[in-house]
Amino acid sequence: MTSQTTSAGRLTGLLRGLDLTVTVVATLFWVGVLSWAYTQTVSQVRYATMFVGGIMTVYALDETRKAVENGDWIDGAILIPASLALMTASAFFALNFEDVYLLRQGFALEHEYMLARLVVISLMYLTWREFGNVFLGLVGAVFVYAVYGNLVPGVLGHAGMSEATLLQATVTDLYGFYGSLTQITASWIAPFLLYAGLLFAYGAFDLILRVAIVAAKYIESGVAQTAVLASAVIGSINGSYTANAAMTGSFTIPTMKESGMEGHRAAGIEAVASTSGQVLPPVMGASAFVMASYLGVPYLDIIAAGLVPAAILVISIVIAVHYTAISDSSSQDMEFSEFFDETLSNEQKLFETIRFGIPFGILLYLLGVAQFTVMTSALYTVVAMTITGVLMPPVQRLVDSTSTGPGSELLTQVRNTVHGFRRGAIILAPIAIILVVISGVVNIFGTTGVPAKIALLLINISGGVSVRSRHITRCSTRPYWQVLRRRWPPRRWSQRASPRRISGRRVGRRSKSLRRCSSSRSRSSTTRG
């Protein structure tokens, strides 16, 4: 009995130690991210190496804590060496950046190759652990194609890569796993997800759920629409549909089931509603940042172009969920008191609006009016959110004169800030894993020359003249498409147009189109002759 108590005490102490370590590492990680965003004293590539080591260490430590808590010691024993390998590689490449990145491109020392092997193995394990066998199989297939490309027939074949070349393309040249997608994640996406973590820690999501419940009282499919509204707002900030489903689903799915809805239907509604956050600004599932970087267009233009499709998606989800919910025989009535113990007074609503409205207004102004860069806008938004999140509640305590003093409230909000730092790192980690691995895959394809080969193949198919191929294709397909549109399905003679209409304007247009295409063909044949 004494030994069991001692073992339980040691396990509890280990879990507390891991929990504290995750919090400390996450806080130091965000201090480094915000410091670089403000100063930018080191190059973006060098910063990306440190970013990968930091975020992967946070992820591995947090998952180790969960594994130990669940009794899976094998998983925890693998995660710790993986985090150490990634952290060691990041420290080595950051300290020896000039030698590795500037002086030894295309060449590495033996201990660097060994370190690169450990990085590849660690990332593959984290990828499998987070995204499963399918995504790991796709990445593994790319690695196999890179090594054995000489066995691939046709235009997609290449000379094949040696192990050293593969390690250079993915790790040691700092173009693969530390490439452009990783740099976008480190400089653009990360501050927004820190903003999402702070919102969660300061209670903004609780406020969103309150608004959703109040709004759902006036809709027939009230409980189900709560999931749609909360998922749309929360998902637009955290940028991950999995994290969105975990946050809102823990509340909305039990609520829908308690109202009488079947479990699989409630889970389906939450799953569909959580996808809307992927296309809603400002984060848009991290895809907007990638498109803005690769296309070379302002981030605000990406947001403006995506607003209408995003609105169509959300409206479609609302309509589909509405008819799905009202077709259920369950009662969709909901009472606010069932979910929250107390309502907010008008004074509290005012303070909460100022607390969360000022940072969001700063974000909109910097992006839309002042035209600041994405990273600078996110940096100032995070700073403003931290200031208002920490200072507004003590000011509120001075005004309402409650039993809780301003000093105690200030300490509480400081702890919430640290919790928000940790929450933001945990939300960021899965997104960083997939983008880091995809960055390596993109560089492998670029090294093998596949994009250039596909472009040459398309040029050969078009005959080398894209304008002429488009013109010939348009002229050769348009009249026949019009004929098929008119003649299918066949109609009886009594349903057809009169002879005057047949010989009139429509046929005249068609004949004119045919004459124009025929003249183009004759000019083309004359030119060839």
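Results of the side-chain contact (heavy atoms from CB on, under 4.5 Å) test with L79 over L126, I74, L61 single out L126 as the only residue that passes.
The aromatic ring centres of Y38 and Y380 sit 6.0 Å or more apart.
For D173 against G106, the heavy-atom pair with the smallest separation is OD1-N, 3.1 Å. Heavy-atom minimum distance, A201 versus N416: CB-O, 3.0 Å. When all heavy atoms of E63 and R129 are compared, the pair lying nearest together is OE1-NH1, 2.8 Å. Nearest heavy atom pair, residue G203 against residue F356, reads C-CZ, 4.1 Å. Minimum interatomic distance between A146 and I444 (heavy atoms only, all atoms of both residues): CB-CG2, 3.6 Å. Across all their heavy atoms, V119 and A89 have their closest contact at CG2-CB, 3.4 Å.
Expressed to the nearest 0.5 Å, how far CD of Q168 lies from CD of E163 amounts to 10.5 Å. Going from atom OG1 of T172 over to atom CG of L174 covers 7.5 Å, rounded to the nearest 0.5 Å. For the atom pair CZ (F97) and OH (Y47), the distance works out to 14.0 Å, reported to the nearest 0.5 Å. Note that CG of L115 is 11.5 Å distant from CD of E110, once rounded to the nearest 0.5 Å. In this structure, F177 CZ and I433 CD1 are separated by 12.0 Å, a value rounded to the nearest 0.5 Å. Atom CG in L118 sits 10.5 Å away from atom CG in L84 (nearest 0.5 Å).
Dense packing is recorded around CZ of R117, with more than 12 heavy atoms of other residues, nucleotides or ligands lying under 6.0 Å away. For CG of L103, the number of neighbouring non-hydrogen atoms (other residues, nucleotides, ligands) closer than 6.0 Å is greater than 12.
In this structure a side-chain-to-backbone donor-acceptor pair under 3.5 Å is present from T64 to A60. A donor-acceptor contact shorter than 3.5 Å is absent between the side chain of S90 and the backbone of V52. Without hydrogens or angle criteria, S83 side chain to T57 main chain gives no donor-acceptor distance under 3.5 Å. Between the Y125 side chain and the A82 main chain, no donor and acceptor come within less than 3.5 Å of each other.
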Could you walk me through whether L435 and I189 satisfy the side chain to side chain contact (heavy atoms under 4.5 Å, CB included) test, starting with their C-alpha distance in whole Å, then the side-chain angles of each, then the deciding distance to 0.1 Å, before giving a yes or no?
CA-CA 11 Å; L435 289 178; I189 301 175; 3.8 Å; yes
Which is it for E112 and N96 under the side chain to side chain contact (heavy atoms under 4.5 Å, CB included) test, yes or no, and what are the steps along the way?
CA-CA 11 Å; E112 295 172 350; N96 301 275; 5.8 Å; no
Criterion ring-ring contact (aromatic ring centres under 6.0 Å, His included) on Y175 and Y101, from CA distance to verdict:
CA-CA 9 Å; Y175 283 118; Y101 188 71; 5.7 Å; yes
Under the side chain to side chain contact (heavy atoms under 4.5 Å, CB included) criterion, do V436 and T185 qualify, and how do the steps go?
CA-CA 9 Å; V436 166; T185 306; over 6 Å; no
Derivation of the side chain to side chain donor-acceptor pair (under 3.5 Å) call for Y178 and N443:
CA-CA 10 Å; Y178 307 105; N443 195 55; over 6 Å; no
Between T12 and R16, is a side chain to side chain contact (heavy atoms under 4.5 Å, CB included) present by the stated rule, with each step listed?
CA-CA 6 Å; T12 303; R16 289 179 179 175; 3.7 Å; yes
Step by step, would you call T417 with Y202 a side chain to side chain donor-acceptor pair (under 3.5 Å)?
CA-CA 8 Å; T417 303; Y202 292 143; 2.6 Å; yes
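Residues passing the salt bridge (Lys or Arg N to Asp or Glu O under 4.0 Å) test with D62 are R65, K66, R422, sequence neighbours excluded.
Contact of the F192 side chain with the L363 side chain is registered, since non-hydrogen atoms from C-beta on lie closer than 4.5 Å. Side-chain atoms of T386 and L198, non-hydrogen and from C-beta on, do get closer than 4.5 Å to each other. When side chains are defined from C-beta on, L123 counts as touching L86, because their heavy atoms get closer than 4.5 Å. Side-chain contact check for L194 versus F29: every heavy-atom pair is 4.5 Å or farther apart. Taking 4.5 Å as the limit, every side-chain heavy atom of I362 sits out of range of all side-chain heavy atoms of Y365. Looking only at side-chain heavy atoms (C-beta outward), M375 and W36 come within less than 4.5 Å of each other. Here the side chains of I438 and F135 are in contact, with some heavy-atom distance below 4.5 Å. Here the side chains of V321 and V272 are not in contact, with every heavy-atom distance at 4.5 Å or above.
The stretch residues 149-174 participates, sequence neighbours left out, in these ring pair (Phe, Tyr, Trp, His ring centres under 6.0 Å) pairs: Y145-H158.
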